[in-house]
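A short worksheet on the structure shown next.
Along the sequence shown, the residues carry numbers beginning at 1. Remember, it's a predicted structure, so these values are computed and weren't measured experimentally.
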Amino acid sequence: MATITKSMTIGELLEMDRNIAGILMRAGMHCIGCPSAQGESLEEAAMVHGMNADLLEAQINDYLATK
């Protein structure tokens, strides 16, 4: 089973599974396609958007566990 960490970049997450984009978009992170976002870690992007990185990490890992 694949898992992610909040230190992984948005680009790495999307390479792992493109459907992770939907999780991030539903959370309000609509800039995932922008070039600078690709190099940001999930934690950095969450901080910029005022989101809880631990919660996003858990939601993505829950999704990956069901695949």
Would a hydrophobic clustering, with Ile, Leu, Val, Met, Phe, Trp and Tyr connected at side-chain separations under 4.5 Å, put L42 with L55?
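No.
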Using the side chain to side chain contact (heavy atoms under 4.5 Å, CB included) criterion, which residues pair with [X]? Sequence neighbours excluded.
X   : answer
N61 : T3, I4, E57, L64
H49 : M29, C31, M51
A58 : none
E40 : A37, E44, A45, V48

CG on N19 to CD1 on I23, rounded to 0.5 Å:
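The CD1 atom of I23 sits 8.0 Å away from the CG atom of N19.
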Per the side chain to side chain donor-acceptor pair (under 3.5 Å) rule, what does the pair list look like for residues 20-38, sequence neighbours excluded?
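Listed by first then second residue: nothing to list.
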Should L24 and I60 count as side-chain neighbours, where that means a heavy-atom distance under 4.5 Å?
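Contact flag for L24/I60 side chains = yes.
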Does any non-hydrogen side-chain atom of D62 lie less than 4.5 Å from one of T66?
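No, their side chains stay 4.5 Å or more apart.
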Considering non-hydrogen atoms only, spot the tightest contact between A46 and N52 and give its length.
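Residues A46 and N52, closest heavy atoms: CB-C, 4.5 Å.
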Going by the salt bridge (Lys or Arg N to Asp or Glu O under 4.0 Å) test, which pairs reach into residues 1-19, not counting sequence neighbours?
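Output for this query lists K6-E43, K6-D54, D17-K67.
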